[in-house]
Protein chains: 2
Amino acid sequence: MTAAAEPLPSPDSALLAGYLDAPYADVATKIRAELAARAEILDQQIEQPQDQFRETVLAALLDLAAAGQTGIGFPTKYGGGGDIGASITAIQALAYSDLSLMVKAGVQFGLFGGAIWHLGTERHHERYLADMISGRLLGCFAMTETGHGSNVAACETLATYDHASRAFVVDTPTDSGRKDYIGNAAAHATMAVVFAQLVVGNESHGVHAFMVPIRDDQHRPMPGVNIEDCGPKLGLKGVDNGRLRFDHVTIERTALLDRYADIDDDGRYVSSIDDDTRRFFTTLGTLVQGRVSVGGSALSASKVALTIATRYANTRRQFGAPGSGEEVTLMTYRTHQRRLLPLIARAYALSASQQELILLLHESFPGERGEPQDRRVLESRAAGQKALATWHTTDAIQVCREACGGAGYLAENRLAALKADTEVFTTFEGDNTVLLQLVAKGLLTQFKQNFNELDPIGMVRLVASTAVDTVVEKTALRQLIERLRDAVPSKDDDAGLLDRRYQAGMLRWREEHMRAGLARRLKRGMSEGGDAFTVFAGVQDHVVAMARAHVERLVFEAFVASLARADESVRPVLERLVDLHALATIEADRGWFLEHGRLSTARSKGITAMVGRLCEELAPVAEALTDGFAVPEELIRAPIAVRS
Amino acid sequence: MTAAAEPLPSPDSALLAGYLDAPYADVATKIRAELAARAEILDQQIEQPQDQFRETVLAALLDLAAAGQTGIGFPTKYGGGGDIGASITAIQALAYSDLSLMVKAGVQFGLFGGAIWHLGTERHHERYLADMISGRLLGCFAMTETGHGSNVAACETLATYDHASRAFVVDTPTDSGRKDYIGNAAAHATMAVVFAQLVVGNESHGVHAFMVPIRDDQHRPMPGVNIEDCGPKLGLKGVDNGRLRFDHVTIERTALLDRYADIDDDGRYVSSIDDDTRRFFTTLGTLVQGRVSVGGSALSASKVALTIATRYANTRRQFGAPGSGEEVTLMTYRTHQRRLLPLIARAYALSASQQELILLLHESFPGERGEPQDRRVLESRAAGQKALATWHTTDAIQVCREACGGAGYLAENRLAALKADTEVFTTFEGDNTVLLQLVAKGLLTQFKQNFNELDPIGMVRLVASTAVDTVVEKTALRQLIERLRDAVPSKDDDAGLLDRRYQAGMLRWREEHMRAGLARRLKRGMSEGGDAFTVFAGVQDHVVAMARAHVERLVFEAFVASLARADESVRPVLERLVDLHALATIEADRGWFLEHGRLSTARSKGITAMVGRLCEELAPVAEALTDGFAVPEELIRAPIAVRS
């Protein structure tokens, strides 16, 4: 059977939307309706200067709070909805509208509110949560420092405990220790969750989080708190990013978010987690939710862009057969199909994986249930999904902008703001390259240790001593089997390419081969007497490639698994989309597969040809597929894409 | 000999700059100094709202004109400098400063002024050129229509000659025939060069250019001229893009730019070029200069970004060997080297190719000297260089932004504007994908016909009938020889990888193989009875890949050839840079080389390893290399990159 046997039936977009949003279709639909009714924010983003638009975004945020949309993930006791999965769905749905609003909401309710909830105890919950949910208390999340982005453990801000006054003194000792890029800090927050090195009696206990008032009831900076505006940015005009410096600011003892550590009545440091490093990474675990939100929101932004570019490709005509007197649509062109269709397939694949991740996160709440190892798998999955989803988004919006030509450059057609606003998503909540290294460390140690905890030396030693042989043997066996299967690829063997087991086998084989190879390289490096940091640094690109291969495999498997919940009538199209996604993924790395004897040259060319055919076959239903993203007409708004 | 034998000597940046700018180092240096003295425009770009910044950019443009920098390419007779090569150098140097200024200058002096000069005759030169150069006459270039971007031949604006009144009536018959995205139109231009279908006595003669006054001496729109503002865009805030509609606007007979066609005293159409299509493409030839400028300016923008990201990578520290107490610079990391160094090498390679192109253009002036075939080669070269240079720039600035993390997102660090402003360069002066198809058509017909003139049917027929066999035979022979040479790649055969003949052979082989394969596919398609448009459309991605391979080869050869003019002391570093560029280019397409039996798997892996080693070796001199771009400190301006 070849791909283009008969035209694909056009799928029902509502059924596609239901499939994509499951099991949170109701929440998603409701939020989208709320946003559609407030779509004028998209015009305001274009028209208003920065200061005014910041206020517009704040007003929109408070409006959402008033509509009861901001507490979904918090305990009902404090006015929340108690549903963490639904809360992520809500925030990623926000990204169909203005992205400053989504980011500001993410800061307020995800990071600031999340820190109070996860790192604080009842006294903080009682005191802050209800006001935080309603927006009466606006806060920021002061983790990043100018000189210390991804390396939070190296942060310089100090919180020194003074037992005489039963208080902490928060201080910024150097310029590089200044808190930087802090969303909500430049204009609106009255309180900050500040991450600082806790010092008790000359002993440092590592990074802890503190509730620090930064503005008084007149909205003036508190004494000793210096606030600067980071000023204009490429995008996210409505988010007030700022810089915070503390000059010996005194805060009460209960300001410590004390879920994992506290100061007792005798002024001694006490903690339920003995190991400083482990405590630190448990604290950082609060970032998981933020990463899941950022990945999901990025994905939403890519869907808006793909919807616009697909509609434009179906209406805009350019050139045509001479003498026919008619120009043909852009979507008719092979290069155009090749640009858009694999990205649509990828958006579907990443959505399936995102929904799986949301459920994983949801199940671990409340109280971070489950084994530490499960928790590590969740953290790894969140890190990997965030990296791939945000890179996909950067790529997709770029392609969509180019595919819409000059029209794509005009603010009115939305791609400009989508591009500018999402650009930093690859960086915030963790730089993608750094995140993929976390994923790799987890895989190398098979999640037996908290991958965050291991420094390179410990990690390399662990791998060098134990993990290698097991992985290698298993892989060698699989390799043999797969090679036998692939030994007779004939030119017409297209059915093989569309075989799920073949696609899955390729992606799994790549991951395992990379993992085994990496283990071998680490082992060899150590056995040759290298120091662990240098050995690990020497294979950094291999590490990142391996992690990416791992996440690609998970995404593919999630996509396949998700089809079970799709209505039967849309499944044929989704099956084709899985094919396209799998083969385009393999094609993108065909150099590697060829190098490792996993693809014959004939089959490699066959994959490229098949990707082209699948694009051609799917092109007529491309618009139905992007309609499945269910971006409301009011939010599409681009004159080149709205339906009259 | 292996790559990392001994550390590379740090090259003298002034010598590198001299090499890059040759033979126009004086002009480049002078313009950079002018810009450095006016660097506050970079702050104004951030601080000023759109309307104000448009005036700032206009003032800067007039200031440049007053300083005598805007007429370099025009005849001395009209106050110009008579040096076309120097004029391109000047405009691409402008791109070190604010890009709105560069684009606005490109519109006024390149497109508007260029059209008057190249399409007009003495009466237009006498009347307009001096005022255009001084900025007393501001104009725009009204070619693109809402419904017709790349397909200019399909434009709908009409210019109907009325012999009774000895006048043309310019009219916009439909919405899709509206002139769109026209730079300088929304606010400042008083005159437009309008491209319109010329109709004389019910007969259409195709697209011609007309001088149309669009604003009166009170700066109000002329009667019948409707001007709209395209509004905010992703970037280029200082460029006033507008939309023009004409409602039966009457212009005098001499308004026709009549170098190639005119209306005689009896009201008859006369032209020195009989064929309508050929005349049309001769007219479009005026775009060459604009394309050369856009490619060069894009390249300049990438250099600013690479300078900033490289300096940041050398100062910013993150993580480090545990226990060492010190974090290491970002540049120490393999993934970071891998991101930046190949882009630096590519910027050098594209610069060498750009300088070659400028000389080619320069030699064809004045009066478009030389054979039509040479002219076609120049047009092809300009189209290809523009596509590769602008895509490189989009990639490079993206990578630099990510490599600078959150700091890269702040406006003060310049990458934001660089990203937003250059985003549309891949689209304007010709969409890159369309341009590469022009390049391919020229190659397939060996420039024997004006590639623009051939419609797909003519082109495909020509190829199918003549060109194939010659190309195939030559390629087959070469293939055999190269395969023999590559038959014994040993693991340690690194010297071979650094052999210029090997590198050149690979790039040339790819191009010729793609060209022969394409000819075969076209021939087969036609012999199987397909219609030419469908046959051509079916191989569109192959066409684009082939054109890209061709331009890559030219860029490589230009880079190699350029080393002869470099000072001996900097040559060792440049040789390494050529190696890195060549191998990274091959690596990026190694899937293709493997598929076509041109790389063994061992050698393919060897190339990847060698690229890594070259990056490592060049990392210590990366900053000297970007200093060679000679971006003045005043224009670097980014707090993360300026030297104190």
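Note that the coordinates shown come from a computational prediction; the quantities given were computed from them, not determined experimentally. Computation of the quantities below employed the complete heavy-atom set of this structure, encompassing side-chain atoms and omitting hydrogens, waters and symmetry-equivalent molecules.
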Checking heavy atoms, do the side chain of [X], its backbone, both or neither come under 4.5 Å from chain B?
{"X": "A/Pro232", "answer": "both"}
{"X": "A/Glu327", "answer": "side chain"}
{"X": "A/Lys419", "answer": "side chain"}
{"X": "A/Leu415", "answer": "neither"}
{"X": "A/Asp431", "answer": "side chain"}
{"X": "A/Ala153", "answer": "neither"}

Where B/Leu410 and A/Cys230 come nearest, the two heavy atoms and their spacing:
CD2-CB, 3.9 Å
What option among [options] has the most heavy-atom pairs under 4.5 Å with chain B?
{"options": "A/Glu423, A/Lys605, A/Glu616", "result": "A/Glu423"}
{"options": "A/Arg334, A/Glu587, A/His336", "result": "A/Arg334"}
{"options": "A/Asp589, A/Asp541, A/Leu594, A/Val424", "result": "A/Val424"}

Residues that A/Trp391 engages under ring-ring contact (aromatic ring centres under 6.0 Å, His included), provided they are two or more places apart
none
At a heavy-atom distance under 4.5 Å, which candidate from B/Asp180, B/Val544, B/Thr394, B/Thr608 has the highest pair count against chain A?
B/Thr394
Of the listed B/Gly231, B/Gly612, B/Gly235, the one with the largest count of heavy-atom pairs under 4.5 Å with chain A is B/Gly235
Backbone N/O of B/Ala537 and side chain of A/Tyr333: donor-acceptor pair under 3.5 Å:
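No, A/Tyr333 side chain to B/Ala537 backbone: no donor-acceptor pair under 3.5 Å.
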Strictly by ring-ring contact (aromatic ring centres under 6.0 Å, His included), give each pair with a member in residues 398-427 of chain A just once, sequence neighbours left out.
A/Phe425-A/Phe428
Passes side chain to side chain contact (heavy atoms under 4.5 Å, CB included), B/Thr426 versus A/Arg401? Steps please.
CA-CA 10 Å; B/Thr426 53; A/Arg401 204 297 298 157; 3.0 Å; yes
